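Some notes on the structure that comes next.
Keep in mind it's a predicted model, so treat the numbers as computed, not measured. No hydrogens, no waters, no symmetry mates; every other heavy atom, side chains included, goes into these values.
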Amino acid sequence: MQYLLFFIIYYVTLRQSSSSVLQEITDNGIDSYCKRCLVSDAKTTKEALVREVGISLTPSDVFVGDTGIDVMTGKALGIRNVAVLSGFRNREILEGYSPEVIINDVSELKTLL
């Protein structure tokens with residue numbers, strides 16, 4: 001039996017350009033899965049941004065990112081966190097933030113969920 005996994009993706013970033021983020025989402029082929037793109041323009045934290053827009057989170061939700069800030073944001077929001085090695089930080093740095101899981105890239109998420 002094959003199961004269909006359904007994800008709602010909120011893309012949360014501290015970057016300053018909404019247009020470049022939207023282009024990245026499109027280029028990576030995840031635009032049809034993204035419910036909303038949250039861009040802080042470097043004016044607030046990721047945690048505050050998620051809370052401000054009123055996203056209803058559950059313990060089964062996952063915050064995925066490539067920095068220590070992402071790991072800390074997931075913890076602060078009370079949801080699972082996954083660190084990804086395909087971004088800015090290496091394994092040693094990310095391990096210092098004690099993420100629940102470290103994966104090589106987002107394609108490995110399907111094995112975790």
Side-chain angles (χ1 to χ4, degrees):
M1 176 181 275
Q2 202 173 22
Y3 294 95
L4 178 64
L5 295 177
F6 179 71
F7 300 98
I8 297 173
I9 297 173
Y10 292 90
Y11 199 94
V12 183
T13 182
L14 296 178
R15 288 185 237 163
Q16 297 179 17
S17 171
S18 295
S19 60
S20 66
V21 172
L22 293 172
Q23 186 62 53
E24 180 180 326
I25 291 169
T26 301
D27 291 348
N28 285 305
I30 61 171
D31 52 320
S32 62
Y33 301 102
C34 287
K35 181 171 184 172
R36 190 161 180 193
C37 181
L38 308 175
V39 181
S40 76
D41 293 328
K43 295 177 183 172
T44 188
T45 66
K46 290 180 179 184
E47 177 189 356
L49 190 58
V50 169
R51 292 189 191 284
E52 284 171 16
V53 299
I55 297 171
S56 179
L57 298 171
T58 69
S60 64
D61 290 322
V62 181
F63 203 93
V64 180
D66 61 358
T67 68
I69 290 172
D70 296 323
V71 173
M72 293 184 326
T73 299
K75 289 178 180 186
L77 292 170
I79 59 176
R80 297 181 293 167
N81 60 82
V82 175
V84 181
L85 294 174
S86 59
F88 296 112
R89 307 291 181 250
N90 64 31
R91 180 176 291 278
E92 283 182 43
I93 290 172
L94 290 173
E95 284 175 345
Y97 292 93
S98 302
E100 292 178 36
V101 178
I102 298 177
I103 59 176
N104 291 312
D105 60 62
V106 293
S107 69
E108 293 180 23
L109 281 174
K110 61 185 172 196
T111 64
L112 300 175
L113 305 174

Starting from [Y], can I reach [X] by hopping between I/L/V/M/F/W/Y residues whose side chains sit under 4.5 Å apart?
X: L77; Y: I55; value: yes
X: M72; Y: L94; value: no
X: V62; Y: V84; value: yes
X: L57; Y: F63; value: yes
X: V101; Y: V64; value: yes

Query raised in the report: Can you check whether R80 reaches D61 side chain to side chain, under 4.5 Å on heavy atoms?
Result: no
Query raised in the report: Hey, are the side chains of V53 and L38 touching, using non-hydrogen atoms and a 4.5 Å cut-off?
Result: yes
Between [X] and [Y], which heavy-atom pair has the shortest distance, and what is it?
X: E47; Y: A76; value: OE1-CB, 3.3 Å
X: V71; Y: Y97; value: CG1-O, 3.5 Å
X: K75; Y: N81; value: CG-ND2, 3.5 Å

Query raised in the report: Is it true that the side chains of D70 and T73 contain a donor and an acceptor less than 3.5 Å apart?
Result: no
Query - Note: R89-D66 ion pair, threshold 4.0 Å (strictly below) - result: no
